[in-house]
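Values in this document were obtained by computation on a predicted structure and should not be read as measured data. In listed order, ligands and their atoms are each counted from 1.
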Amino acid sequence: MKKKVVIALGGNAILQPGQKGTYEEQIDNIEVACREIAELVKKGFQIVITHGNGPQVGNILIQNEEGAKRVPKMPLDVCGAQSQGMIGYMIQQKLRKILIRNGYNNEITTIITQVVVDKNDPSFQNPSKPVGPFYSEEKAKIEIAKGESWIEDAGRGWRKVVPSPEPKTIVEANIIKKVVQDEVIVIASGGGGIPVVEEGKDIYLGIDAVIDKDLAGQRLAVDIEADIFVILTDVSGVAINYKKDNETWLRNITLDEVNLYEDEGHFRQGSMGPKVRACKRFVEITNKPAIISSLDKLVDAVEGKAGTRIIPDASEKTS
Ligand code: ADP
Ligand code: MG
């Protein structure tokens, strides 16, 4: 059986810092990511892709806001679904083109994915994840009066903040599993999935929240019984003393070592923190490795030659 790899694409795989988010920019970035992924397909791995959606959903929110005089605004969960469709479609097209040119005929599909969160998740008491653009204080005050949470961000303006609850289960887990069994390349749980709460048994309601894409990717990896979970980002891996004089990049680290470094505060919340946490959970549950690497080193990372590999214990150390 083919080895299954879940790949979580970071924001930079779709949009680079300083870019506006034109169609051309995004499709060009996606092409680069898909070339890397195609190399893994050629090596015989079976691929499941998940991805971030921050800038894309931000732009969809602006379109909604600016267009509100002409067409009705859509809620955040619907904007999230739109972004999954949009990004998934671009990946489907580019990856297919590259594979076909290389003589591979893999089928590819995107699954609009809902992720269940707990209504009592503590993050609902403390919305902290900014979404969308900066606005004036007047606009923020109007929305706050309607019940939303907004924060003033270091003099740059006001931004809406939403809760970032823990992912519990993936509603479409079964169907994703079935499609993966058929050896289809699947794009799922984009942007951390559309956050939903249980309204009744097996009935779900979309909510105003954002789930961390790395933590949701970990659920996906466990659900599809992945052999490897890879998080691709804009740095070569995980460092301790990051950006300090004694910065050290890690190659193979055991769960015990990760826990120690985590307690020492080496991994920043909102960036490396959730990635390390997601990898840890995957390794704890499956006893299989998880990797954090840069996008351009995907193949080397999977082969143990690049990135930071989190492993259950020292007996698994390869280098
Ligand atoms: P993504 O869009 O891929 O999720 P993030 O910006 O959320 O990217 O996370 C990657 C960033 O994490 C890196 O650009 C780096 O600046 C930051 N980071 C924080 N702590 C560390 C660390 N200990 N080692 C490496 N990178 C770190
Ligand atoms: Mg991130």
Side-chain angles (χ1 to χ4, degrees), residues 6-19 21 25-26 29-30 32-34 36-37 49-59 80 83-84 87 90-91 115 128-132 153 159 161-162 164 166-167 187 189-193 210-221 229-255 257-282 290-298 301 306-310:
V6 169
I7 301 170
L9 293 176
N12 68 312
I14 310 168
L15 211 57
Q16 305 282 336
Q19 293 183 329
E25 286 166 345
Q26 299 191 75
N29 293 329
I30 284 172
V32 174
C34 288
E36 293 294 321
I37 294 168
I49 301 166
T50 189
H51 57 81
N53 73 344
Q56 291 75 22
V57 98
N59 285 357
S83 76
Q84 287 184 352
I87 296 168
M90 291 193 281
I91 297 174
V115 174
S128 61
K129 172 86 187 164
V131 288
D153 187 335
R159 265 183 112 183
V161 284
V162 297
S164 188
E166 286 282 319
I187 303 145
S189 192
V210 171
I211 301 169
D212 181 85
K213 69 122 186 4
D214 297 312
L215 295 178
Q218 176 264 310
R219 300 278 153 174
L220 180 66
F229 176 43
V230 188
I231 298 178
L232 297 177
T233 184
D234 57 358
V235 284
S236 65
V238 183
I240 49 170
N241 302 309
Y242 180 62
K243 293 220 159 144
K244 294 185 189 150
D245 289 344
N246 56 346
E247 175 183 271
T248 309
W249 293 88
L250 304 168
R251 289 284 291 116
N252 289 294
I253 41 171
T254 63
L255 286 175
E257 288 165 333
V258 175
N259 285 328
L260 184 76
Y261 296 142
E262 205 174 34
D263 290 347
E264 288 176 354
H266 289 282
F267 315 128
R268 234 170 271 163
Q269 276 320 306
S271 59
M272 196 46 76
K275 293 184 203 311
V276 169
R277 208 140 49 88
C279 287
K280 245 177 67 174
R281 281 187 195 162
F282 177 78
I291 305 164
I292 298 169
S293 160
S294 61
L295 176 63
D296 59 328
K297 293 275 164 45
L298 172 60
T308 301
R309 176 176 290 242
I310 297 162

Worksheet item: Under the 3.5 angstrom rule, does the side chain of R159 hit a backbone N or O of G132 as a donor-acceptor pair?
Response: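 Checking the backbone N and O of G132 against the side chain of R159, a donor-acceptor pair under 3.5 Å is found.
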
Item to complete: Examine distances only and state if a side-chain atom of E36 and a backbone atom of A33 form a donor-acceptor pair shorter than 3.5 Å.
Response: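 It does not hold such a pair.
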
Fill in: Check: N53/K213 side-chain N/O donor and acceptor closer than 3.5 Å
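Checked: N53/K213 side chains show no N/O donor-acceptor pair below 3.5 Å.
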
Fill in: Under-4.0 Å heavy-atom contact with ligand 1, by part of T233 that carries it
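Both backbone and side chain.
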
Item to complete: Classify the contact between M272 and ligand 1 as side chain, backbone, both or neither, using a heavy-atom distance cut-off of under 4.0 Å.
Response: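 It is both parts that get close, each with some atom under 4.0 Å.
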
Fill in: Of T308, I292, I310, L215, the residue whose pairing with K275 passes side chain to side chain contact (heavy atoms under 4.5 Å, CB included)
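Single pass found, and it is I292.
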
Worksheet item: Should N12 be counted as touching ligand 1, given the test is an N or O pair under 3.5 Å?
Response: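 So ligand 1 has no N or O lying under 3.5 Å from an N or O of N12.
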
Fill in: V235 N/O under 3.5 Å from ligand 1 N/O
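No, V235 has no N/O under 3.5 Å of an N/O on ligand 1.
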
Of all the atoms in ligand 1, which lie at a distance below 4.0 Å from a heavy atom belonging to [X]?
{"X": "F267", "value": "23 (N)"}
{"X": "G11", "value": "1 (P), 2 (O), 3 (O)"}
{"X": "G237", "value": "25 (C)"}
{"X": "D234", "value": "10 (C), 11 (C), 13 (C), 14 (O)"}
{"X": "K213", "value": "1 (P), 4 (O)"}

Considering only distance and modelled atom types, tabulate donor-acceptor pairs under 3.5 Å from the side chains of residues 8-19, sequence neighbours left out.
{"residue": "Q16", "atom": "NE2", "partner": "N12", "partner atom": "O", "Å": "2.9"}
{"residue": "Q19", "atom": "OE1", "partner": "Q16", "partner atom": "N", "Å": "2.9"}
{"residue": "Q19", "atom": "OE1", "partner": "N29", "partner atom": "ND2", "Å": "2.9"}

Worksheet entry | K243 heavy atom under 4.0 Å from ligand 1 |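 No heavy atom of K243 comes that close to ligand 1.
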
Worksheet item: With a 4.0 Å cut-off on heavy atoms, does G270 reach ligand 1?
Response: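 Yes.
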
Worksheet item: Any Lys/Arg nitrogen of E262 or K280 sitting under 4.0 Å from an Asp/Glu carboxylate oxygen of the other?
Response: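 Looking at E262 and K280, the cut-off is met.
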
Indicate every side-chain donor-acceptor pair of residues 237-248 with a distance under 3.5 Å to a residue at least two apart or in another chain.
{"residue": "E247", "atom": "OE1", "partner": "K243", "partner atom": "N", "Å": "2.7"}
{"residue": "E247", "atom": "OE2", "partner": "W249", "partner atom": "NE1", "Å": "3.0"}
{"residue": "T248", "atom": "OG1", "partner": "N246", "partner atom": "O", "Å": "3.1"}

Item to complete: Side-chain contact test, heavy atoms from C-beta onward, threshold under 4.5 Å: evaluate it for R281 versus R219 and give yes or no.
Response: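 Sidechains of R219 and R281: in contact.
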
